[in-house]
Q: 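Dropping the structure in here first, questions after.
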Amino acid sequence: MDTSAFQPMQGMTDLAAPEIALWQRLEAEARRTLALYGFTEVRTPVVEQTAVFTRSLGETTDVVQKEMYTFTDRGGRSLTLRPEGTAGVIRYALGLGVESDGARLYYIGPMFRCERPQAGRKRQFHQLGVEAFGAPNPAADAEIIAMQLHLLEAWGLKGFTLDLNTRGVPEDRPAVTQGLADAARPHLGALCADCQRRFETNILRLLDCKKESCRQIVAGLPPTTQFMSAESRQYLDEVLRLLQKIGVPARVNPQLVRGLDYYVHTVWEIRHGALGAQDALSGGGRYRVTMGDKTFDGVGFAIGLERAIMAVQKDNPTLTQEQPRLMVWLVSMGAAALTANLDLAQNLRRQGVACGLDLAARSMKAQMRAANKSGATTVLIRGDQELEQGTVTLKNMADGTQQAVPLAELTARLM
RNA sequence: GUGGAUGUAGCUCAGUUUGGCAGAGCACCAGGUUGUGGCCCUGGCCGUCGCGGGUUCAAAUCCCGUCAUCCACCCCA
């Protein structure tokens, strides 16, 4: 077999049975939970004009600079496979006009980032995301965070932690950058090579360096909130107060940084211990994006579904178990019986009885083996004898007992 | 984009050190039962040893390249 000729592109995989059942269960549970909060689904295109992403995420972000699948179509337009979901939803909301204010939308679907794959990271991966549009209001942030925890708990997840921080308002950024630079400059020589680069290019990134030597230095730096306006600090305090009121255990992590430019005020991240080095199960925040002539304020989060699956497999084994299928297997001895069983199977299926049968006219032993493998609880046997008498032989696979049943009584016996 | 590990039957993997007939378990198929599954017994099928090139009398094994997977960095979900 030549496995190299036709296989998915690097970092992309086929999702099928048996794992697909877990995906479907997570999605169904998510739709149920999000509906409780008034969210409705939106399915936006997977491909957008490149500008939809470069404008909203920020030209200098890593996602835009080195991770996007961008190509030129036959009309000479620059298009991009979506690396995240928020930009497309905002592009959709732009068309809603004033109706977009207060809109609550969610999406589930594939995203694309051309990165080196590793544990919990694919080039085509899937996100469930929600967006709640409306003017900044700490109560909205708190409600969305509470909903997110509600959803994770509905999935049976336990081993996660919520870290919260604030980006402040855009006007705070020069002061934050300046303040952080002043505080870090005396330690510049002691930082790792990456951090020395970050000091120039994106100083916030010093805060979440993984190296122990850098973390010790970072721990001694003042929190970024110290350089923010009173308005920004009050917003964070109010979010924290509300979360406490509704029983959400949030802690501020001054080292939490989120990369995209559009974030304002509250940002948060949920980590899970089952995920390996890429331990962010979900990231969220409040954002402000200008598209066309409209500025959108919103708050939302995205959950990496591949990572959610990994976490559920660890935390919630019962959801992971294959659900038993109740099924009847039809065994046919001879061509006439096969024809009759094909017809009977269709009738049973129309009545909601899942059934299967061997179409290859194999030996009875082979058919019984197939029946056993299918997990059918009942086997229905027909040969010349049964056809003549207008009966079927029902065999109980659990205890091996069997008896003849008139065709007319079959449905009642199976239900 | 950088670094490490790996790629042999449908699946999980031995075999690679030291070049010498392509292997095991599971799965699958058939028989052991004229019309009866699981357990057991017997037999059978299954390979471009990821792909391409090189060295050699001889390559799964050594060398070069390439593709893919896993893990980590970077970054993110």
Side-chain angles (χ1 to χ4, degrees), chain A residues 1-13 57 61-68 82-86 108-129 148 192-195 197-198 201-202 205 208-211 256-260 268-272 275-285 300-311 329 331-334 337 358 360 362-387 393-402:
Chain A
M1 186 189 64
D2 186 351
T3 53
S4 65
F6 294 107
Q7 56 180 311
M9 296 304 295
Q10 184 176 33
M12 307 194 179
T13 53
L57 305 187
T61 56
D62 276 38
V63 170
V64 167
Q65 286 204 327
K66 48 185 209 191
E67 295 173 8
M68 294 203 306
R82 62 181 183 192
E84 58 93 62
T86 301
I108 300 177
M111 306 293 162
F112 303 85
R113 292 184 198 176
C114 195
E115 304 175 87
R116 219 30 192 275
Q118 72 182 83
R121 180 201 278 166
K122 296 280 185 196
R123 286 184 169 183
Q124 173 171 335
F125 60 104
H126 298 77
Q127 284 188 344
L128 162 67
Q148 183 176 19
C192 71
D194 279 333
C195 281
R197 174 180 55 79
R198 293 175 180 125
T201 58
N202 188 357
R205 281 287 168 212
D208 63 353
C209 183
K210 289 179 180 174
K211 292 200 176 61
L256 175 66
V257 181
R258 294 196 49 76
L260 307 181
W268 69 91
E269 204 163 276
I270 290 176
R271 295 197 180 85
H272 193 285
L275 303 186
Q278 306 300 318
D279 63 351
L281 173 61
S282 173
F301 60 80
I303 300 176
L305 289 179
E306 280 81 0
R307 296 180 186 182
I309 295 279
M310 284 193 276
W329 194 266
V331 168
S332 323
M333 292 308 298
D358 204 316
R362 296 191 297 166
S363 73
M364 182 154 196
K365 180 173 184 147
Q367 293 190 53
M368 286 302 297
R369 268 205 277 259
N372 188 57
K373 204 165 28 166
S374 79
T377 53
T378 302
V379 168
L380 189 158
I381 302 165
R382 282 210 290 184
D384 292 342
Q385 224 177 73
E386 287 84 354
L387 288 179
T393 299
L394 283 191
K395 173 160 185 164
N396 179 328
M397 290 297 273
D399 59 20
T401 59
Q402 59 185 54

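Only this structure's heavy atoms are used, side chains among them; waters, hydrogens and symmetry mates stay out. Each chain gets a letter, A, B and so on, in the order its sequence line appears, and its residues count up from 1.
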Q: Is there a Watson-Crick or G-U wobble partner for B:rA58 with both distances under 3.5 Å, and if so, which one is it?
A: none
Q: Is any side-chain N or O of A:Gln367 under 3.5 Å from a base N or O of B:rU36, one able to act as donor and the other as acceptor?
A: no
Q: Using whole Å, report how far CG of A:Asn372 lies from P of B:rU36.
A: 15 Å
Q: From the options B:rC74, B:rA77, B:rU36, select the nucleotide whose nearest atom is closest to the side chain of A:Lys395.
A: B:rU36
Q: A:Gln402: which residues meet the side chain to side chain donor-acceptor pair (under 3.5 Å) condition with it, sequence neighbours left out?
A: none
Q: Return the nucleotide paired to B:rG10: Watson-Crick means purine N1 to pyrimidine N3 with N6-O4 or O6-N4, wobble means G-U with N1-O2 and O6-N3, both under 3.5 Å.
A: B:rC26
Q: Any strand counts, and the cut-off is 3.5 Å on both contacts for Watson-Crick or G-U wobble. Which nucleotide pairs with B:rG38?
A: none
Q: With a 3.5 angstrom cut-off on both distances, give the Watson-Crick or G-U wobble partner of B:rU2, or none if there isn't one.
A: B:rA72
Q: In whole Å, what separates the C1' atom of B:rG54 from that of B:rU61?
A: 15 Å
Q: Using Watson-Crick or G-U wobble geometry with both distances below 3.5 Å, tell me the partner of B:rG19, or none.
A: none
Q: When you compare B:rC57 with B:rC62, how far apart are their C1' atoms, in angstrom units rounded to a whole number?
A: 16 Å
Q: How does each nucleotide of nucleotides 26-33 of chain B score, in 5' to 3' order, for protein heavy atoms under 4.0 Å: base (B), sugar-phosphate only (S), or none (-)?
A: --SSS-B-
Q: Provide the distance between the two C1' atoms, one in B:rU18 and one in B:rG3, to the nearest whole Å.
A: 30 Å
Q: Going by modelled atom types, is there a donor-acceptor pair between the base of B:rC70 and the side chain of A:Gln118 at under 3.5 Å?
A: no
Q: Tell me whether the side-chain N/O atoms of A:Gln278 come closer than 4.0 Å to OP1 or OP2 in B:rC75.
A: no
Q: Rounding to an integer number of Å, can you tell me how far A:Met9 CE sits from B:rC67 P?
A: 10 Å
Q: For B:rC74, take OP1 and OP2 only and decide whether either is under 4.0 Å from a side-chain N or O of A:Arg121.
A: no
Q: Name the closest nucleotide to the A:Ala280 side chain, picking from B:rG35, B:rA77, B:rC74.
A: B:rA77
Q: When the P atoms of B:rC63 and B:rG4 are compared, how many Å lie between them, rounded to an integer?
A: 15 Å
Q: Who are the salt bridge (charged side-chain N to carboxylate O under 4.0 Å, His left out) partners of A:Arg258, not counting sequence neighbours?
A: A:Glu269
Q: Let me know the distance between CG of A:Leu57 and C1' of B:rA77, rounded to the nearest Å.
A: 13 Å
Q: Under 4.0 Å between a Lys/Arg side-chain N and an Asp/Glu carboxylate O for A:Glu306 and A:Lys122?
A: no
Q: In terms of side-chain heavy atoms of A:Glu67, which of B:rC75, B:rA77, B:rU36 is nearest?
A: B:rC75
Q: Does A:Arg369 have any salt bridge (charged side-chain N to carboxylate O under 4.0 Å, His left out) partners at least two apart in sequence or in another chain, and if so, which?
A: none
Q: What residues, two or more places apart in sequence or in another chain, satisfy salt bridge (charged side-chain N to carboxylate O under 4.0 Å, His left out) together with A:Lys365?
A: none
Q: Please name all residues satisfying side chain to side chain donor-acceptor pair (under 3.5 Å) with A:Thr401, sequence neighbours left out, ordered by chain then number.
A: A:Asp399
Q: For B:rA30 versus B:rG23, give the span between their C1' atoms, rounded off to a whole number of Å.
A: 23 Å
Q: Between B:rA68 and B:rA22, how many Å separate the two C1' atoms, rounded to a whole number?
A: 23 Å
Q: Please determine, by modelled atom types, if A:Gln367 and A:Trp329 share a side-chain donor-acceptor pair under 3.5 angstrom.
A: no
Q: Between A:Arg116 and B:rG3, is there a side-chain N or O to OP1/OP2 distance below 4.0 Å?
A: no
